[in-house]
Q: 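Here it is, the structure, as structure tokens.
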Amino acid sequence: NAAGAPLRQALRMAGDTVRFKNLPPGIYRIYLSGKGGRRRSESIDLTPAPQQRSLQVAKELQLPQSAEQVPGQYQVDVHTLAVPKEALQELHRSEKDQLDGNEDGVVQHLKQAVEIYPDYADAWNNLGSYYHRQGNFEQAILSFTKVTELRREFYVGWMNLGSSLLATGKFAEAVEANKMALSWGPNDAVANSQLALSYYYLRDYTEAK
């Protein structure tokens with residue numbers, strides 16, 4: 001969901017249909033993964049129109065072609081390569097605890113991950129999401145700011161920072177954060193929505209539209 005918490009998981013064969021029922025209205029992000037490290041993600045708006053009681057949406061996602069056919073297949077992201085194995089294991093443990101609903105375990109493993117490797121942007125981002133879910137927005141802002149300092153091109157960090165700034169009423173700062181998110185991910189529905197809300201609360205209705 002928009003707060004960064006995974007809600008549903010399903011395992012299916014290629015070509016199968018996955019159905020998620022009774023989701024609250026909101027903007028979600030779908031993650032699709034397959035063999036060979038192939039992944040894709042996309043935002044989807046599940047907000048009914050005014051006076052509409054329910055909404056059904058069908059979305060077809062295709063994985064990218066196999067990495068075996070992609071030029072540069074042997075390249076590894078430098079940020080991923082730099083993460084120590086122990087820190088990566090802590091991140092994976094936190095993700096398992098998240099799916100199990102163990103919030104205490106989530107924060108413990110994430111804190112351990114950034115203690116092992118202070119430059120771990122993914123762990124800082126997940127830690128910020130944890131604080132945001134807990135309503136500790138100031139701490140979330142600190143964590144997401146750390147993400148943007150470590151990886152300026154990581155647009156999800158900017159988007160999450162914008163979300164926490166919105167929650168604290170720092171609308172002008174939220175505008176700048178969400179603009180940065182859109183500079184790296186211009187087609188993301190969540191970042192566009194948050195930027196619109198930021199302008200709306202600043203009463204800049206033209207930009208909001």
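In this text, all values refer to a predicted model and were calculated from it rather than measured experimentally. Side chains are part of it too, since the values below use all heavy atoms of this structure and drop only hydrogens, waters and symmetry mates.
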Q: For the residue pair R133 / Q98, report whether a side-chain donor-acceptor contact shorter than 3.5 Å exists.
A: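 A pair is found: one side chain offers a donor N or O, the other an acceptor, under 3.5 Å apart.
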
Q: Using the side chain to side chain contact (heavy atoms under 4.5 Å, CB included) rule, take Q112 and E115 through it: C-alpha gap first, then chi angles, then the decisive distance, then the call.
A: CA-CA 5 Å; Q112 186 63 27; E115 184 175 333; 4.1 Å; yes

Q: Are L197 and Y199 close enough that some pair of their side-chain heavy atoms sits under 4.5 Å apart?
A: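 Answer no - side chains too far apart.
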
Q: Of all the heavy-atom pairs spanning L182 and A191, show the shortest one and how long it is.
A: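 Result for this residue pair: CD2-CB, 3.6 Å.
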
Q: Would V114 end up clustered with V83 when hydrophobic side chains under 4.5 Å apart are linked, directly or stepwise?
A: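 Yes; tracing contacts between hydrophobic side chains, which count when under 4.5 Å, links both residues.
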
Q: Is it true that L150 and F154 fall in one hydrophobic cluster, defined by side-chain heavy atoms closer than 4.5 Å?
A: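 Same hydrophobic cluster.
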
Q: Does the distance from a Lys or Arg side-chain N to an Asp or Glu carboxylate O, for D100 and K96, drop under 4.0 Å?
A: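 Salt bridge present between D100 and K96.
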
Q: Might you point out which heavy atoms bring M159 and N178 nearest each other, and give the distance in Å?
A: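 In terms of heavy atoms, the two residues are closest at O-OD1, 4.0 Å.
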
Q: So, S193 side chain and V190 main chain: donor-acceptor pair closer than 3.5 Å or not?
A: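 It does not hold such a pair.
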
Q: Would a single hydrophobic cluster contain both Y117 and V107, if residues Ile, Leu, Val, Met, Phe, Trp and Tyr are joined by side-chain heavy-atom contacts under 4.5 Å?
A: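 Same hydrophobic cluster.
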
Q: Answer whether the closest heavy-atom distance between the side chains of Y155 and M180 falls below 4.5 Å.
A: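 When only atoms from C-beta onward are counted, M180 and Y155 do not touch, as no gap falls below 4.5 Å.
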
Q: When rounded to the nearest 0.5 angstrom, what distance separates NZ in K146 from CG in D119?
A: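 Separation between the atoms: 6.5 Å.
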
Q: I141 and K170: side chain to side chain contact (heavy atoms under 4.5 Å, CB included), yes or no, with the steps?
A: CA-CA 11 Å; I141 289 171; K170 299 176 181 178; 4.3 Å; yes

Q: With side chains defined as the heavy atoms from C-beta onward, is the minimum distance between V156 and N125 less than 4.5 Å?
A: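 In contact.
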
Q: Could you state the interatomic distance from CH2 (W124) to CD (E149), rounded to the nearest 0.5 Å?
A: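 That separation rounds to 10.0 Å.
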
Q: I'd like to know whether OH of Y200 has more than 12 heavy-atom contacts from other residues, nucleotides or ligands below 6.0 angstrom.
A: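 Open.
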
Q: Can you confirm whether more than 12 heavy atoms, excluding those of Y201, are under 6.0 Å from its OH atom?
A: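 Atom OH in Y201 is not crowded, with 12 or fewer foreign heavy atoms closer than 6.0 Å.
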
Q: Tell me, do Y120 and E90 make a side-chain contact under 4.5 Å, heavy atoms counted?
A: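 Y120 vs E90: side chains apart.
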
Q: State the NZ-OG distance between K59 and S43, to the nearest 0.5 angstrom.
A: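 It is 9.5 Å, given to the nearest 0.5 Å.
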
Q: Quick check: do R53 and P48 have side-chain heavy atoms less than 4.5 Å from each other?
A: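 SC-SC contact between R53 and P48 ruled out.
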
Q: Quick one: OG on S54 to NZ on K21, what's the gap to the nearest 0.5 Å?
A: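 If we round to the nearest 0.5 Å, S54:OG and K21:NZ are 13.0 Å apart.
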
Q: Within the 4.5 Å heavy-atom criterion, are I44 and I27 side-chain neighbours or not?
A: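 Not in contact.
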
Q: Locate the shortest heavy-atom distance separating A177 from W158; write the atom from each residue and the value.
A: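 A177 and W158 have their closest heavy atoms at O-CB, 3.6 Å.
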
Q: Assess whether ring pair (Phe, Tyr, Trp, His ring centres under 6.0 Å) is satisfied between F137 and Y131, documenting all intermediate values.
A: CA-CA 6 Å; F137 301 120; Y131 287 128; over 10 Å; no

Q: Please report the shortest heavy-atom distance between S94 and L110, naming the atom on each side.
A: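 Looking at all heavy atoms of both residues, the shortest contact is OG-CD2, 3.4 Å.
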
Q: If you define the side chain from C-beta out and look only at heavy atoms, does anything of S198 sit under 4.5 Å from L166?
A: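 A side-chain contact under 4.5 Å exists here.
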
Q: More than 12 heavy atoms of other residues, nucleotides or ligands under 6.0 Å from CD of Q9: is that the case?
A: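 Result for CD/Q9: open.
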
Q: Do the side chains of Y31 and L46 join up, straight or via other hydrophobic residues, at under 4.5 Å, putting them in one cluster?
A: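 Per the 4.5 Å side-chain linkage, Y31 and L46 are not co-clustered.
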
Q: Considering only heavy atoms from C-beta outward, does the side chain of E138 approach that of L142 to under 4.5 Å?
A: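 Side chain of E138 against side chain of L142, heavy atoms only: no contact under 4.5 Å found.
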
Q: Counting neighbours of CZ on R152 that are heavy atoms of other residues, nucleotides or ligands and sit closer than 6.0 Å, is the number greater than 12?
A: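 Incorrect, the count does not exceed 12.
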
Q: Roughly how far, to the nearest 0.5 Å, is the CG atom of D204 from the NZ atom of K209?
A: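 These two atoms lie 11.5 Å from each other.
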
Q: Mark yes or no for whether Q134, through its side chain, and N136, through its backbone, hold a donor-acceptor pair below 3.5 Å.
A: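 Not confirmed, Q134 side chain does not pair with N136 backbone.
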
Q: Enter the distance from T145:OG1 to L165:CG here, rounded to the nearest 0.5 Å.
A: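 Taking OG1 in T145 and CG in L165, the distance rounds to 7.0 Å.
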
Q: So which atom in Q194 and which in G162 form the shortest heavy-atom distance, rounded to 0.1 Å?
A: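 Heavy-atom minimum between the residues: NE2-C, 3.9 Å.
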
Q: Do the side chains of E42 and R29 get close enough for a salt bridge, i.e. N-O under 4.0 angstrom?
A: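 Judged by the 4.0 Å cut-off on N to carboxylate O distance, E42 and R29 do not form a salt bridge.
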
